[in-house]
Amino acid sequence: MTKSAAQRFSAPAIDKLPDDIRTRLLAVQEKSGFVPNVFLTLAYRPDEFRAFFAYHDALMEKDGGLTKAEREMIVVATSAANQCQYCVIAHGAILRIRAKNPLIADQIAINYRKADITPRQKAMLDFAMKISADAQRIADEDFAALAPHGFSDDDIWDIAAISAFFALSNRLANFTGMRPNDEFYLMGRLPKTDKK
């Protein structure tokens with residue numbers, strides 16, 4: 001059974017989208033073999049699509065003190081707390097691939113405090129969770145808890161910005177009824193086999 005991209009808003013046909021958005025969707029499809037439903041759903045509002053993915057890419061695709069896997073850990077942990085099925089499933093798949101670990105996404109989504117991650121990553125996720133759920137209570141002691149782990153000011157900004165951005169993403173996914181693509185569920189769970 002094929003699920004629609006979103007239950008509440010119809011995704012526009014790809015051939016009816018503005019050229020830049022259509023080009024991006026086709027490039028993603030070429031790379032992954034499918035178009036993630038977040039692209040189809042957000043294409044409903046082209047200007048917002050462009051703004052959303054510009055900020056997403058600025059946060060998630062850059063080099064810095066956080067690895068790309070650690071950035072995905074933040075997304076999975078905070079999205080689980082926000083009960084966002086789409087982001088937990090989709091970014092869980094990306095996390096499994098980036099961490100080269102088929103177990104890590106499930107561990108972090110259920111309870112990152114018991115996951116097989118480093119003390120540094122636990123401190124990162126403690127801070128991310130507070131930003132996501134209780135940002136008005138951030139205080140000096142929260143920054144002090146990060147200090148022994150060697151996070152730079154830019155790293156701390158990244159942790160907070162990823163948490164805040166995905167709070168937006170989680171709410172958009174939930175209110176639109178965005179569905180995870182079936183392809184995400186198995187990604188990164190089984191080793192790749194050589195095709196002959």
Side-chain angles (χ1 to χ4, degrees), residues 1-64 66-76 78-80 82 84-102 104-106 108-109 158 161-196:
M1 175 177 140
T2 302
K3 298 179 196 111
S4 63
Q7 293 177 337
R8 294 183 188 90
F9 294 86
S10 297
I14 292 176
D15 63 345
K16 303 286 187 217
L17 292 171
D19 289 344
D20 62 317
I21 295 175
R22 183 174 57 255
T23 298
R24 179 155 186 171
L25 266 61
L26 294 174
V28 168
Q29 183 176 38
E30 173 82 17
K31 182 177 180 181
S32 65
F34 66 100
V35 179
N37 286 337
V38 66
F39 289 91
L40 296 171
T41 301
L42 295 183
Y44 181 79
R45 307 276 297 253
D47 288 343
E48 293 170 39
F49 175 103
R50 293 179 186 103
F52 180 94
F53 284 106
Y55 197 33
H56 171 277
D57 295 351
L59 291 172
M60 301 301 289
E61 299 302 328
K62 71 179 188 174
D63 293 325
L66 304 180
T67 67
K68 289 183 179 181
E70 287 171 337
R71 292 169 194 276
E72 296 296 339
M73 288 178 188
I74 295 167
V75 179
V76 172
T78 60
S79 296
N82 289 327
C84 180
Q85 181 188 52
Y86 184 88
C87 290
V88 170
I89 300 301
H91 287 274
I94 298 167
L95 172 56
R96 288 190 298 271
I97 291 165
R98 290 195 166 164
K100 296 177 178 52
N101 181 336
I104 195 67
D106 295 331
I108 288 176
D158 286 344
I162 292 166
S163 302
F165 176 78
F166 278 92
L168 162 74
S169 182
N170 298 159
R171 284 151 181 82
L172 286 169
N174 278 328
F175 106 86
T176 61
M178 197 182 301
R179 304 290 303 174
N181 302 69
D182 291 346
E183 291 88 345
F184 284 125
Y185 288 91
L186 292 180
M187 287 172 59
R189 291 194 188 276
L190 302 172
K192 286 188 176 185
T193 57
D194 291 332
K195 295 180 181 174
K196 296 187 179 192

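These figures come from a predicted structure and were not determined experimentally.
- Between the side chain of N170 and the backbone N or O of C84 there is no donor-acceptor pair closer than 3.5 Å.
- Residues passing the ring-ring contact (aromatic ring centres under 6.0 Å, His included) test with Y86: none are found, sequence neighbours excluded.
- For T41, the side-chain contact (heavy atoms from CB on, under 4.5 Å) partners two or more places apart in sequence, or in a different chain, are A5, A6, T176, M178.
- Here R71 does not pair with E61 in a salt bridge; the nearest charged N to carboxylate O distance is not below 4.0 Å.
- The side chain to side chain donor-acceptor pair (under 3.5 Å) search around E48 returns R45, not counting sequence neighbours.
- Between L95 and M73 the shortest heavy-atom distance is CD1-CG, 3.8 Å.
- In this structure, S163 has no side chain to side chain donor-acceptor pair (under 3.5 Å) partners at least two apart in sequence or on a different chain.
- Nearest heavy-atom pair across G177 and R8 is N-NH1, 3.0 Å.
- Here D47 pairs with R50 under the salt bridge (charged side-chain N to carboxylate O under 4.0 Å, His left out) rule; sequence neighbours left out.
- Taking the side chain as every heavy atom from C-beta outward, P180 and N37 never approach each other to under 4.5 Å.
- A search for salt bridge (charged side-chain N to carboxylate O under 4.0 Å, His left out) contacts involving E30 returns nothing, not counting sequence neighbours.
- Side chain of N181 to backbone of V35: a donor-acceptor contact under 3.5 angstrom is found.
- With respect to the salt-bridge test (charged N to carboxylate O, under 4.0 angstrom), the residues K62 and D158 qualify.
- Applying the side-chain contact (heavy atoms from CB on, under 4.5 Å) criterion to A54, with sequence neighbours excluded, gives no partner residue.
- Counting only heavy atoms from C-beta outward, the side chains of H56 and F166 approach each other to under 4.5 Å.
- The ring-ring contact (aromatic ring centres under 6.0 Å, His included) test applied to F184 returns F34, not counting sequence neighbours.
- In plain terms, the two heavy atoms of I21 and A43 that are nearest each other are CG2-CB, 4.3 Å.
- Smallest separation of non-hydrogen atoms from P12 and L17: CG-CD2, 3.5 Å.
- At a threshold of 4.5 Å between non-hydrogen side-chain atoms, the residues V76 and I104 do not count as touching.
- Applying the side chain to side chain donor-acceptor pair (under 3.5 Å) test to N101 and every residue at least two apart in sequence or in another chain returns nothing.
- Partners of V88 by side-chain contact (heavy atoms from CB on, under 4.5 Å), not counting sequence neighbours, listed by chain and number: S79, A80, A109.
- Under a 3.5 Å cut-off, the side chain of R98 and the backbone N or O of E72 do not form any donor-acceptor pair.
- For F9, the ring-ring contact (aromatic ring centres under 6.0 Å, His included) partners are Y44, F175, not counting sequence neighbours.
- Side-chain contact between R189 and R96 is present, with heavy atoms from C-beta onward closer than 4.5 Å.
- Ring geometry for F165 against F52 counts as tilted: the plane angle lies between 30° and 60°, on a 0 to 90° scale.
- Residues F53 and V38 meet the side-chain proximity criterion, which asks for heavy atoms closer than 4.5 Å.
- Distance check, rounded to the nearest 0.5 Å: CD1 of I14 to CG of L40 gives 5.5 Å.
- In this structure, the side chains of E70 and I74 stay at 4.5 Å or more apart for every pair of heavy atoms.
- Distance CZ/R22 to CG/D15: 7.5 Å, rounded to 0.5 Å.
- Residues passing the side chain to side chain donor-acceptor pair (under 3.5 Å) test with D57, sequence neighbours excluded: R24.
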